Number of protein chains: 2
Amino acid sequence: MADVAREAGVSHQTVSRVLNDHPNVRPDTRARVEEAITRLGYRRNLVARALVTKRSRTLGVVSFDTTLYGPASTIYGIEQAARTAGYFVSIVSLKTIDTHSVRDAVDYLTEQGVDGVVVVAPQYSASSALESLPAGMPVVAAEGTTHRADVSVVCIDQVEGAKLATRHLLEQGHETVWHISGPPEWLESEGRLQGWRAALEEADRPVPEPLAGDWSPRSGYEAGKSLAAMDGVTAVFAANDQMALGVLRALGELGVPVPEQISVVGFDDIPESEFFSPPLTTVRQDFDVVGRHCIEVLLRQIDVGPTAFERLVVRPSFVVRSSTAPAR
Amino acid sequence: MADVAREAGVSHQTVSRVLNDHPNVRPDTRARVEEAITRLGYRRNLVARALVTKRSRTLGVVSFDTTLYGPASTIYGIEQAARTAGYFVSIVSLKTIDTHSVRDAVDYLTEQGVDGVVVVAPQYSASSALESLPAGMPVVAAEGTTHRADVSVVCIDQVEGAKLATRHLLEQGHETVWHISGPPEWLESEGRLQGWRAALEEADRPVPEPLAGDWSPRSGYEAGKSLAAMDGVTAVFAANDQMALGVLRALGELGVPVPEQISVVGFDDIPESEFFSPPLTTVRQDFDVVGRHCIEVLLRQIDVGPTAFERLVVRPSFVVRSSTAPAR
DNA sequence: CTGTTAGCGCGTTCAC
DNA sequence: GTGAACGCGCTAACAG
C-alpha cells in the first residue's frame, strides 16, 4: 500500500479511501491511485484489514457429512449467497455430530474470527449443541430447532411435506400408507413421521407401525422386503429418495410391480429420482433457497445486531411421477 | 492476552510462549498461565497472529458445482485432512468455469491471505486457468492437468478405469462395447473415451461412434433410447453412473432386459448404484483419497517451498454387480 | 479533499 | 527463564 501511495504521489490513507469507496476523494486523484494499483498489481491485505475493523468478512459453516445431497445443496446455496454479499465461507464438516463436536467447531471458527456461523443441524444432538454456544456470536441454524431466543432458524416444513405425500396416496384410493422412517435422532425423521401420522389420522385411517430406516438405500431395501412379505400393503412413503430406491429395488427383485401393486413415494427429489425405475413421485425440497435465506438472516443479524431473531419456514412442493397409481 | 498476562502475573510475551509451546518457560509459570487462560476463557486472535506470521493457516478450495458427488466427496476429504493438520478451509464454488472465474476466485482467496489453494479442475478451461495463475502461491490441482512445473496434480487414472470397464465387457464375450461419453470440455470425458478406445483397439475390435452425453441421467436416457433402436448392441459403457441410470431407465421402458440382452457399466460408484435395477457394475473412484493427497502435497509445498512439484495418480478399482453378463 | 498519528493483537528480537 | 520494545498492513480519528 505504501508502494502504491508513493507511485501515485499520495498518502497511504488516500489509497485506503479509494479502496473503500470513500466519497471524499477527487476523481482525478482516485484515477491516479487506481492506475497505480493496477500498474503495481497491488492486492490489499484483508488480514490486516480484519485486525483493525474486527470484521473478517468470513462466515463459518458447520455441517454433518457434506457428501449428502441435502447438506451439499444447502452449503452451495450458502456459499453463493455469501460470496455475492462479499463474504468468504469457511467450512467444517463433522463426521460425528454431538454437543461437543459442534461446540468445538464453533469455537474453532470463532478463534479464526468469523463474523457469524451457520450450523446445518438436522439432528437433535446438533440442535442441543446450539443451546450451549457462547452468546455474542451471530448464529443461524439451517434445519435445526432451538429454544434460544438469539438463534435464528431457517428450515423446510417437513410435516407439511409428509402430509403432501401421504394425502396424495390416500387420494389415490389407498386404504392406508406404510412408512419407512429415517434415523430417530434426526429432526427430519421426526417431522416426516409426524406429518405422515397426522395425515392418516385426519382421514381416519389405521396407522401401521413404521419401519425404521437409516437414510441408506440398503435400509430401504430391507424394509421393502419386509413390506412385500406382508399382506395388504399397497402404498409406501419412504422418508427419503435413497430409501425409496431401495424399496424399488426390493420390489423389483421380488417381482412386485410398482405402481400397479404397490405405490411408492420418496422425499428430497434428488436429481436421480426422475430416472429411477419407475420414476419416483416425491417431495421436493429447495435446499438452495434455504442456504440463501440463512445468509440473509445471518447478515441481518450481523448488521443490525442480535435483536433480529427470525424463524423462516420454506414450504416443500410435491412432484408426481410414475411410482404412484390409484389403488386397485 | 493482556488480561491473561495480568491475571497470571506475567508479561504478554510469556503468555504467547505458552500458547505456542515455546520450550523456555518454567513449568510452574506455564501452569499459572494456562490456568489464567481457562479461567478467563481466553481465545487467541488468529487474525492478529496471521498478520505478523504471514501465515493464515487457511487453505482455499476452488471448485465447480460442489453439489455433484465427485467434487463434494473430494472436498470432504480435503476438509478432513486440512483440519487434522490444523488448517481452515475456505471454499469458492463456481457456477461457470472459465479462465477468468478461476483466476478471480484464486485472486479473491489470495486477498484473504490463504496459504495455498486446491483447484478442483476437471475441465480444460479450469486447467488452462492454472497456467495464468500468479506465481508464488502454492497450488495443487485435483483432477486437473497443467504444463506448469510449479503446480502439483493429484488425479485418478481415468484411462485405466475405462480400460477396466471395457475389458470386463469384452471378457464377457461381447463383440464390442458402445460408449456414452461425458461433455467434451471435461478431462474425465476425454480420459474415459481414450481408455475405452484403447481397450477396444488392443483387442482388435470395431470402435463404434460414441454417443455424446452431458453427465445427466437425462442424456443417458436419450442415449439409451438411441442404442435400443440400433442393431447388435449388447454392451454399453456409460462415462458416469447417472448416465448409466438413464440408460437403465430407457431400456426398462422399452422392455429390453439388462443384463440379458444388453450389459451396462457405469463410472464413479455413487452410493445409489448398488441399488439400481439391476445393481450397477461400475468403476469405483476414491475421491476421499484424492482430497487427502491434495492436502499432503499442498502442505509439503507450503512447508518446503516451491521445489516440491509432484504428480500423484490414484488407481480406480472395478466393482462387478448385476448389470453385466456374458454375451449370448 | 488530503495527510498525520495512533493502535488493532500478536510474534520476533533483543535485552536483562 | 522472562520482559520491553518494535512492527506486521491496515483503518479511524483528527488536523490541516
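Numbered from 1 within each chain, the chains take letters A, B, ... in sequence-line order. Keep in mind that this is a model prediction, so the values were computed, not measured.
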Practice task
Quick one, give me the B/S/- string for nucleotides 11-16 of chain C, reading 5' to 3', where B means a protein heavy atom under 4.0 Å from the base and S means that only happens at the primed atoms, P, OP1 or OP2.
Solution key: BBB---

Completion exercise
Rounded to whole Å, NZ of K54(B) lies from C1' of dC8(D) at a distance of 5 Å

Exercise for the section: Establish, with yes or no, whether the OP1 or OP2 oxygen of dG3(D) is under 4.0 angstrom from a side-chain nitrogen or oxygen of T14(B). Expected result: yes

Handout entry: Protein-nucleotide distance (R6(A), atom CZ; dG3(C), atom P), rounded to Å
Key = 14 Å

Exercise for the section: Could you check how far CZ of R43(A) sits from P of dG9(D), rounded to whole Å? Expected result: 16 Å

Practice task
Would you mind classifying the nucleic acid contact of N24(B) as base, sugar-phosphate or nothing, using non-hydrogen atoms under 4.0 angstrom?
Solution key: base

Problem - Side-chain touch F88(B)/L59(B), heavy atoms, less than 4.5 angstrom - result: no

Practice task
Indicate, with a heavy-atom threshold strictly under 4.0 Å, whether V47(A) touches base, sugar-phosphate, or nothing.
Solution key: nothing

Exercise for the section: State whether the side chain of E143(A) and the backbone N or O of V120(A) hold a donor-acceptor pair below 3.5 Å, judged by distance alone. Expected result: no

Problem - Spacing of I37(A) atom CD1 relative to dC10(D) atom C1', expressed in whole Å - result: 14 Å

Practice task
Inspect the surroundings of NE2 in H100(A) and state if more than 12 heavy atoms from other residues, nucleotides or ligands are less than 6.0 Å away.
Solution key: no

Handout entry: Distance-only donor-acceptor check, side chains E310(B) and S152(B), under 3.5 Å
Key = no

